[in-house]
Undergrad: 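A single structure is presented below for examination.
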Number of protein chains: 2
Amino acid sequence: MVEHARVSAVETRILAAAVRLFAEQGFDGTSVQEIVEEAEVTKGALYHYFDSKNDLLFEIYHSLLSRQLADLDRILGEGLPPREAVQALIAELLDTTTECIDEVKVYVREMHKLDQARMHAIKADRRRYHVTFREFVESAQRAGDFSTVASAETVTLLLFGMINDIPQWYRPQGPKAPSEIAAEVSAFLLAALDPALQLR
Amino acid sequence: MVEHARVSAVETRILAAAVRLFAEQGFDGTSVQEIVEEAEVTKGALYHYFDSKNDLLFEIYHSLLSRQLADLDRILGEGLPPREAVQALIAELLDTTTECIDEVKVYVREMHKLDQARMHAIKADRRRYHVTFREFVESAQRAGDFSTVASAETVTLLLFGMINDIPQWYRPQGPKAPSEIAAEVSAFLLAALDPALQLR
DNA sequence: CCCTAGAAACCGACCGGTCGGTATGTCCCT
DNA sequence: AGGGACATACCGACCGGTCGGTTTCTAGGG
């Protein structure tokens, strides 16, 4: 007998189909009928597990953000020196982004399609992520480990801009592996934040 | 008597309404009926000037890209030293991005909704922009003006990622003016590309 | 300067089809 | 026998696009 599944196989298949189609065609461009055909379930099954089409979008966001928040807390909790923490964080972000490329595409493009109640829940998570990282940068700037060439707020916004745009150009069969991209992004960001430049 | 208008006022109003609504609700989330109501014209007028709803999207992209390509060519054509060229270019990009914030939002989010023929035309423009900038970076790297901490290709992708993400967080009433943001972005990018770091 | 005739600009009712969501039925496990 | 897990049939609203018709503009002959 299998373990009691906390989420049913049907539920998982529906979410996987939804994220694939939303990434390819957009939220409004995908009909519920297409989702149930891709998942090989019926419409009744979908509305048994989810309140609405919008609920699917929320679940996609929620699981992605939960994973990213957990990664952030874990890495910052290790107490590494700032430069190494940044390298670890970017490596982890590249892993997540390339592994969940459809989820990130949907996250970036279809955020504004969430209804107001679900939007607030997601924005709270995103804000916590943003503030946590910004405070980490501020702290390293005060300690002299990072330059203040740009404010911590701007550095945070620019970094997430770069990361979130990756699904637009990254291709799994492309010339660069995720770890190589992570190394270049880390090198780029750490060069920009190198305190030695300011002291010249 | 007014000059002969090359584009009619009706045509302009339709495009302005379309870009506003596409930015707010997405392409598929906006009906043609909503566009004609916002523009205070009739459906007949819209289909007199445009082939289809998709044609509206193409016109929005085409005018934005034409402007950005012209700006890029003009600035690189001035023959400024690389660091000053980057500053001028980012200042211009910030101007365009903050002035055409709805256009850029649509550009980033709804690109994949273009039909195949129009998509190819837009991709050709975008590729030219990308290649032109990458070759500029490569050339400055060979001359020793920019570091090779990240490849010219990656620098190009990361910069446009940062820029294109700006409409997600920039607010006209926000604390920072476009010129202040441009200064921070320039400082950040030029710090990352400073050749002095490599020589230590 | 006016009249006319064709072209361009514009109107809005209408169409076939698709949408997200629901109501109700059936099966099977406990 | 009762309830969770689905299946099926169906609804009214709305979609992008069309089309025959009307108004407005403009060029040129008298």
Side-chain angles (χ1 to χ4, degrees), chain A residues 1-22 24-61 106 110 112-119, chain B residues 1-22 24-61 106 110 112-119:
Chain A
M1 184 203 284
V2 293
E3 305 245 325
H4 173 68
R6 281 160 51 192
V7 293
S8 78
V10 169
E11 198 174 342
T12 304
R13 283 221 311 283
I14 292 171
L15 276 176
V19 75
R20 221 194 62 70
L21 290 168
F22 289 167
E24 188 180 313
Q25 308 177 347
F27 179 75
D28 285 326
T30 302
S31 67
V32 172
Q33 195 56 45
E34 285 177 286
I35 296 171
V36 303
E37 280 165 18
E38 169 98 2
E40 294 179 283
V41 301
T42 60
K43 223 169 170 182
L46 190 149
Y47 279 94
H48 175 72
Y49 286 106
F50 300 97
D51 291 344
S52 64
K53 191 186 175 189
N54 212 293
D55 194 29
L56 288 169
L57 199 56
F58 176 78
E59 290 300 330
I60 291 165
Y61 286 0
V106 173
E110 312 289 342
H112 63 302
K113 296 265 107 186
L114 275 179
D115 58 51
Q116 223 171 3
R118 293 185 174 93
M119 176 75 95
Chain B
M1 182 204 282
V2 293
E3 306 244 325
H4 175 66
R6 281 158 54 191
V7 293
S8 78
V10 168
E11 199 174 341
T12 305
R13 283 222 309 283
I14 292 171
L15 276 176
V19 75
R20 221 194 62 70
L21 290 168
F22 289 167
E24 189 181 313
Q25 307 176 342
F27 179 74
D28 286 326
T30 302
S31 69
V32 173
Q33 195 56 45
E34 285 178 288
I35 296 172
V36 302
E37 281 164 18
E38 169 97 3
E40 295 179 286
V41 302
T42 60
K43 223 167 173 183
L46 189 149
Y47 279 95
H48 175 72
Y49 286 107
F50 300 96
D51 292 344
S52 62
K53 190 185 173 189
N54 212 292
D55 194 29
L56 287 169
L57 198 56
F58 176 77
E59 290 300 330
I60 291 166
Y61 286 0
V106 174
E110 313 288 341
H112 63 303
K113 297 264 109 187
L114 275 178
D115 59 53
Q116 223 171 2
R118 294 187 174 90
M119 176 76 95

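Values below: every heavy atom of this structure, side chains too, minus hydrogens, waters and symmetry copies. Chain A is the first sequence line, chain B the second, and so forth, proteins listed ahead of strands; every chain is numbered from 1.
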Undergrad: Find every protein N or O atom lying less than 3.5 Å from an N or O atom of nucleotides 3-7 of chain D, and list the pairs.
TA:
from	atom 1	to	atom 2	distance (Å)
D/dA5	OP2	A/His48	NE2	3.1
D/dC6	OP2	A/Tyr49	OH	2.2
D/dA7	OP2	A/Thr42	N	3.2
D/dA7	OP2	A/Thr42	OG1	2.4
D/dA7	O5'	A/Thr42	OG1	3.4

Undergrad: Does B/Tyr61 reach the main-chain N or O of B/Val106 with its side chain, forming a donor-acceptor pair under 3.5 Å?
TA: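 Yes; judged by distance alone, with no hydrogens or angles, the pair exists.
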
Undergrad: Quick one: do B/Arg13 and B/Glu40 make a salt bridge, cutoff under 4.0 Å?
TA: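 Judged by the 4.0 Å cut-off on N to carboxylate O distance, B/Arg13 and B/Glu40 do not form a salt bridge.
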
Undergrad: Without swapping roles, check the side chain of B/Asp28 against the backbone of B/Lys113 for a donor-acceptor pair under 3.5 Å.
TA: no

Undergrad: What is the first contacted nucleotide of DNA chain C and what is the last, in 5' to 3' order, if contact means an atom lying under 4.0 angstrom from a heavy atom of chain B?
TA: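 Endpoints of the contacted stretch of DNA chain C: C/dA9 to C/dG12.
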
Undergrad: State which residues pass ring pair (Phe, Tyr, Trp, His ring centres under 6.0 Å) with A/Tyr47; sequence neighbours excluded, sorted by chain then number.
TA: none

Undergrad: Under 4.5 Å between any side-chain heavy atoms of B/Asp115 and B/Phe58, yes or no?
TA: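 The answer is no, as the side chains (C-beta and beyond) never meet within the 4.5 Å cut-off.
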
Undergrad: Does the side chain of A/Leu46 come within less than 4.5 Å of A/Leu56's, by heavy atoms?
TA: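 Answer yes - side chains close enough.
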
Undergrad: CG of A/Leu46 versus P of D/dT8: gap in Å, rounded?
TA: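 Interatomic distance, CG of A/Leu46 to P of D/dT8: 15 Å.
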
Undergrad: According to side chain to side chain donor-acceptor pair (under 3.5 Å), who are the partners of B/Lys53, at least two apart in sequence or on a separate chain?
TA: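 Scan of B/Lys53 (side chain to side chain donor-acceptor pair (under 3.5 Å), adjacent residues dropped) gives none.
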
Undergrad: Does B/Glu34 use its side chain to pair, donor to acceptor, with the backbone of B/Ser31 at less than 3.5 Å?
TA: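 Such a contact is found between B/Glu34 side chain and B/Ser31 backbone.
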
Undergrad: List the residues meeting ring pair (Phe, Tyr, Trp, His ring centres under 6.0 Å) with A/Phe50, not counting sequence neighbours, and say none if there are none.
TA: none

Undergrad: Under a 4.0 Å heavy-atom cut-off, which of residues 26-38 of chain B touch DNA chain C?
TA: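 Residues of residues 26-38 of chain B under 4.0 Å from DNA chain C: none.
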
Undergrad: Looking at A/Thr30 and A/Gln25, would you say the former's side chain and the latter's main chain have a donor-acceptor pair under 3.5 Å?
TA: no

